[in-house]
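Reckoned from all heavy atoms, side chains included, excluding hydrogens, waters and symmetry mates.
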Amino acid sequence: MSLKLNVMIMSGVDDGSLLTYDSDNGDGELKDDGSKWLISIGRVEDKDICLRYDTFVSRQHAYLIWEQNQWWLQDCDSTNGSFIESGDEDARITGTIPVKPGDLFRIGRTSMCIENMPE
């Protein structure tokens with residue numbers, strides 16, 4: 001099964017960038033049975049979503065996870081946290097929360113959103 005993901009960067013140095021991922025190209029980490037796909041987010045080059053210019057992003061900051069037919073955002077106990085837009089404020093997340101296309105979330109000082117669901 002091929003999984004695809006588009007992530008739009010909504011602020012920061014990479015504002016307006018559309019990042020495209022495809023499990024068939026080896027992007028992310030696809031578990032053996034195909035039931036879970038992990039996209040890593042961090043400040044270092046080996047992360048799928050590398051936010052190298054955001055000094056508020058940890059080396060291994062968070063994951064976007066496709067599991068049970070939906071996306072999840074998992075904070076990896078990062079120093080500066082991960083946030084999801086909630087009304088007029090951003091709510092800090094702990095653990096893993098569901099996210100859907102269009103939900104604005106922030107890693108460090110970089111806001112982004114999922115543009116589509118896997119096909």
Side-chain heavy atoms under 4.5 angstrom apart, residues restricted to Ile, Leu, Val, Met, Phe, Trp, Tyr: same cluster for [X] and [Y]?
{"X": "Leu38", "Y": "Leu30", "result": "no"}
{"X": "Leu51", "Y": "Val7", "result": "yes"}
{"X": "Ile107", "Y": "Ile114", "result": "yes"}
{"X": "Phe83", "Y": "Ile65", "result": "no"}
{"X": "Tyr63", "Y": "Ile97", "result": "no"}

To the nearest 0.5 Å, what is the distance between [atom1] ([X]) and [atom2] ([Y])?
{"X": "Cys76", "Y": "His61", "atom1": "SG", "atom2": "NE2", "answer": "8.5 Å"}
{"X": "Cys50", "Y": "Glu45", "atom1": "SG", "atom2": "CD", "answer": "4.5 Å"}
{"X": "Leu19", "Y": "Asp48", "atom1": "CG", "atom2": "CG", "answer": "10.5 Å"}
{"X": "Ser40", "Y": "Leu64", "atom1": "OG", "atom2": "CG", "answer": "9.5 Å"}

Exercise for the section: Assess whether side-chain contact (heavy atoms from CB on, under 4.5 Å) is satisfied between Asp22 and Ser2, documenting all intermediate values. Expected result: CA-CA 7 Å; Asp22 187 331; Ser2 175; 3.4 Å; yes
Grab the two heavy atoms, one from [X] and one from [Y], that are nearest each other, plus how far apart they are.
{"X": "Ser82", "Y": "Asp75", "answer": "OG-OD1, 2.6 Å"}
{"X": "Pro98", "Y": "Trp72", "answer": "N-CE3, 3.5 Å"}
{"X": "Asp27", "Y": "Trp37", "answer": "O-NE1, 2.9 Å"}
{"X": "Ser111", "Y": "Leu104", "answer": "CB-CD1, 4.1 Å"}
{"X": "Arg92", "Y": "Thr79", "answer": "NH2-O, 3.5 Å"}
{"X": "Ile39", "Y": "Gly28", "answer": "CD1-CA, 3.8 Å"}

Exercise for the section: Without swapping roles, check the side chain of Ser17 against the backbone of Ile9 for a donor-acceptor pair under 3.5 Å. Expected result: no
Handout entry: SB check Asp54 Arg109 (cutoff 4.0 Å)
Key =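 Not counted as a salt bridge, because no side-chain N and carboxylate O are separated by less than 4.0 Å.
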Exercise for the section: Under the side-chain contact (heavy atoms from CB on, under 4.5 Å) rule, what do Phe105 and Glu85 come out as? Steps first, then yes or no, please. Expected result: CA-CA 6 Å; Phe105 59 92; Glu85 189 176 77; over 6 Å; no
Exercise for the section: In sequence, state the C-alpha distance, the side-chain angles, and the governing distance for Ser78 and Asn80, and then conclude on side chain to side chain donor-acceptor pair (under 3.5 Å). Expected result: CA-CA 6 Å; Ser78 62; Asn80 293 307; over 6 Å; no
Exercise for the section: Assess whether side-chain contact (heavy atoms from CB on, under 4.5 Å) is satisfied between Asp15 and Thr110, documenting all intermediate values. Expected result: CA-CA 8 Å; Asp15 185 13; Thr110 304; over 6 Å; no
Which residues pass the salt bridge (charged side-chain N to carboxylate O under 4.0 Å, His left out) test with [X], not counting sequence neighbours?
{"X": "Arg106", "value": "Asp90"}
{"X": "Glu29", "value": "Lys31"}
{"X": "Asp77", "value": "none"}

Handout entry: Pair Ile84-Leu73, side-chain contact (heavy atoms from CB on, under 4.5 Å): steps then yes or no
Key = CA-CA 9 Å; Ile84 189 148; Leu73 178 62; 5.5 Å; no
Practice task
Start with the C-alpha distance between Gln60 and Lys47, add both sets of side-chain angles, then the distance that settles side chain to side chain donor-acceptor pair (under 3.5 Å), and finish with yes or no.
Solution key: CA-CA 8 Å; Gln60 175 55 58; Lys47 301 305 166 213; 3.0 Å; yes
Handout entry: Within 6.0 Å of CZ in Arg59, more than 12 heavy atoms from elsewhere
Key = no
